[in-house]
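First up is the structure itself, then whatever we jot down about it.
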Amino acid sequence: MTEGAGVQAGELPDDLTAAEVGMWQAFRNGSVYDLSSGDTVVDDPHGGHPWGAARTVRARTVAWLLLAGPPALAGRVASLKLVGVQISGTLDLAGGTVVPYVELKRCRFEREVLMPEARFTTMRMVDCSVPRLEAARVHTEGDLHLPRCRFHNGVRLTDAHIGTDLLLNQAIVYRDRTGRSIAADGMTVGQDLQAELLESHGELSLRSATIGVSLSLRGARLANPYTRLALNAPQMTVGRSLYLTPAGVGGQALSGATPARGTRIQRFECRGGLRLDDGRFGDAVDLERARFVLTDEQELSLRRVQTPELRFLGEQPRRGRVVLSGARVINLVDRASAWPGPGSLHMGGFAYENLVPQGPFPLAERLRWVAAATAEYAPEPYERLASVLRAGGEDEDAREVLLAKQRRRRETLPPAAKLVGYAQDWTVAYGYRPGRAAVWMAVLWAASSLAFANAPHPPVSRDGHPPWNPALFALDLLLPVIDLGQAGQWRLSGGWQWLSTALILLGWILATTVAAGATRLLRRG
């Protein structure tokens with residue numbers, strides 16, 4: 001009988017160590033193979049305490065069991081369940097098909113784990129120490145669980161296909177030689193990607209990744225002092241929500257729910273740039289209490305993001321830029337204190353339909369928010385805000401926004417146009433407060449009527465002129481187009497002539513400004 005035939009019949013190979021014999025038998029029985037000592041310090045896979053030969057199995061023996069292992073005992077299901085085991089050598093499963101269930105807890109790998117293009121049903125590695133996980137294009141029908149593991153030289157999941165859930169809760173991942181901690185570009189996850197309380201030291205890359213349900217980075221800490229981006233995820237698609245929110249710390253299970261009141265929490269923190277450009281999120285992007293620590297060159301970039309709800313409720317970035325150019329959301333849930341100041345906010349083409357402020361966000365603050373986003377005058381942010389306010393029934397606030405737009409535009413005009421703008425502002429507020437026109441008209445009419453009562457007024461023609469009426473004469477000067485039969489009948493000279501000219505000019509300014517305001521109202525209607 002050949003060696004391979006003997007293995008298939010369940011016979012023990014001759015060259016197994018004592019530890020491997022026990023693992024072999026546990027595999028056939030489908031039971032847990034636990035080599036822990038019971039001492040938590042010694043059993044820590046991330047500690048420096050040596051485990052020795054009694055707790056060590058060879059990687060090639062593990063691969064043998066998984067790829068071509070012996071049959072299960074009668075009435076049992078073969079599976080590899082290891083606890084507290086040290087695996088020497090490189091575990092190479094590249095391109096293989098692993099049928100048995102795999103669960104490795106608190107194990108220590110001496111060298112990297114290779115499983116590119118391998119196929120699994122479910123693969124679980126919990127609280128393991130792994131130099132590197134190389135799993136490009138890996139395929140699982142069920143879950144890939146890697147919670148509380150430490151990866152010293154990164155994880156590669158490029159173009160991986162995870163049938164249900166990918167778990168990275170409380171994992172610690174250090175960068176590889178390319179600067180990436182987790183390289184998962186093009187990855188597909190059937191349901192949830194949970195990376196709560198993840199520690200990433202390097203670039204977490206999720207470019208063009210597709211997450212079927214939700215992506216949770218609650219309480220995660222992403223740090224990349226080496227390059228510009230700590231999270232690089234353009235063109236990512238998430239079926240429901242992206243959570244960059246707090247997570248409960250301690251005994252509370254990581255259920256994905258909001259931490260209960262009184263629970264010690266850890267915020268999501270990103271030390272480095274964050275890029276979500278062109279992302280699609282089915283429900284929301286939630287930045288509740290998120291903290292972004294950026295340099296002057298780094299960005300929190302959400303260019304052209306599309307989502308029904310953006311919850312911009314994090315801590316105000318002290319440096320760097322927040323970029324929302326071209327983003328489209330339905331509900332903008334925000335807080336006044338979350339937005340950066342002038343020069344650090346860019347919102348060109350940012351479209352939103354409803355404003356849902358959390359806490360006080362008065363109109364003056366909202367106008368400062370728009371001004372902060374327009375270092376140079378641009379009408380679109382003002383018009384978008386006015387449109388949203390008007391749709392919400394806040395017509396008066398919408399008019400204030402459009403008035404602020406005109407005042408901002410005035411600063412870009414040449415001196416002569418500025419003077420006209422100031423006159424329009426002081427008189428009728430660019431037509432957005434047309435009631436002022438009647439007040440100014442009444443004041444000018446009353447003052448000029450009193451003045452013209454004392455003015456010399458020889459008639460232009462001695463025949464056929466009406467009786468002198470200073471009130472009608474003043475009104476005839478103030479009202480353009482309308483002829484009351486007074487202004488052309490009397491000849492004024494000197495200062496009275498200058499006064500009449502000034503009244504004509506003021507009348508035209510008032511009339512044209514009111515007409516412009518009426519046109520705006522009709523267009524909005």
message: Could you walk me through whether D43 and R55 satisfy the salt bridge (charged side-chain N to carboxylate O under 4.0 Å, His left out) test, starting with their C-alpha distance in whole Å, then the side-chain angles of each, then the deciding distance to 0.1 Å, before giving a yes or no?
response: CA-CA 10 Å; D43 291 336; R55 297 181 61 172; 2.8 Å; yes
field: Shortest non-hydrogen separation from F27 to L80 and the atoms involved
entry: CD1-N, 4.0 Å
- prompt: Are any of the side-chain nitrogens in R291 or E315 under 4.0 Å away from the carboxylate oxygens of its partner?
  reply: yes
- request: Specify the closest pair of heavy atoms between V213 and V238, including all atoms of both residues, with the distance to one decimal.
  value: O-CG1, 3.3 Å
- line: Those residues at least two apart in sequence (or on a different chain) that pass ring-ring contact (aromatic ring centres under 6.0 Å, His included) with W339 are F312, W369
message: Between T90 (side chain only) and D92 (backbone N and O only), is there a donor and an acceptor less than 3.5 Å apart?
response: no
message: side chain to side chain donor-acceptor pair (under 3.5 Å), that's the test. Do E196 and S216 meet it? Break it down for me.
response: CA-CA 6 Å; E196 301 184 4; S216 176; 3.0 Å; yes
- prompt: Considering residues, nucleotides and ligands other than R111, do more than 12 of their heavy atoms fall under 6.0 Å from its CZ?
  reply: no
field: Neighbour count >12 (heavy atoms, 6.0 Å) for atom CZ, R58
entry: yes
query: So, does D278 use its side chain to make a donor-acceptor pair with the main chain of P234 at under 3.5 Å?
result: no
- prompt: Quick one: is the NZ or CZ of R175 closer than 6.0 Å to the six-membered ring centre of Y226, and within 45° of its axis?
  reply: yes
message: Please check this pair: side chain of E288 against backbone of R311, looking for a donor-acceptor N/O pair closer than 3.5 Å.
response: no
field: Shortest non-hydrogen separation from E353 to V388 and the atoms involved
entry: O-CG1, 3.5 Å
- prompt: Quick one: do the R304 and Q306 side chains pair a donor with an acceptor below 3.5 Å?
  reply: no
query: Strictly by modelled atom types, are R150 and Y174 linked by a side-chain donor-acceptor pair under 3.5 Å?
result: no
task: Inspect the contact between R228 and E297 and indicate whether a charged nitrogen and a carboxylate oxygen are less than 4.0 angstrom apart.
output: no
field: Nearest-0.5 Å distance that lies between atom CG in L332 and atom CG in L385
entry: 10.5 Å
- request: Kindly say whether N29 contributes a backbone atom to a donor-acceptor pair with the side chain of R76 at under 3.5 angstrom?
  value: yes
- prompt: Closest heavy-atom contact between T164 and V189?
  reply: O-CG1, 3.3 Å
task: Mind listing the closest non-hydrogen atom pair of A398 and A386 along with its distance?
output: CB-O, 3.5 Å
Check: T307 side chain, L310 main-chain N or O, donor-acceptor pair, under 3.5 Å: no
- request: Answer with yes or no whether the side chains of D165 and H145 bring together a donor and an acceptor at under 3.5 Å.
  value: no
- prompt: How far apart are the closest heavy atoms of C128 and R106, and which atoms are they?
  reply: SG-N, 4.0 Å
statement: Output for pair (E269 CD, F292 CZ), nearest 0.5 Å, gives 10.5 Å
- request: Check for a donor-acceptor pair, side chain of Y101 on one end and backbone N or O of T121 on the other, with a separation under 3.5 Å.
  value: no
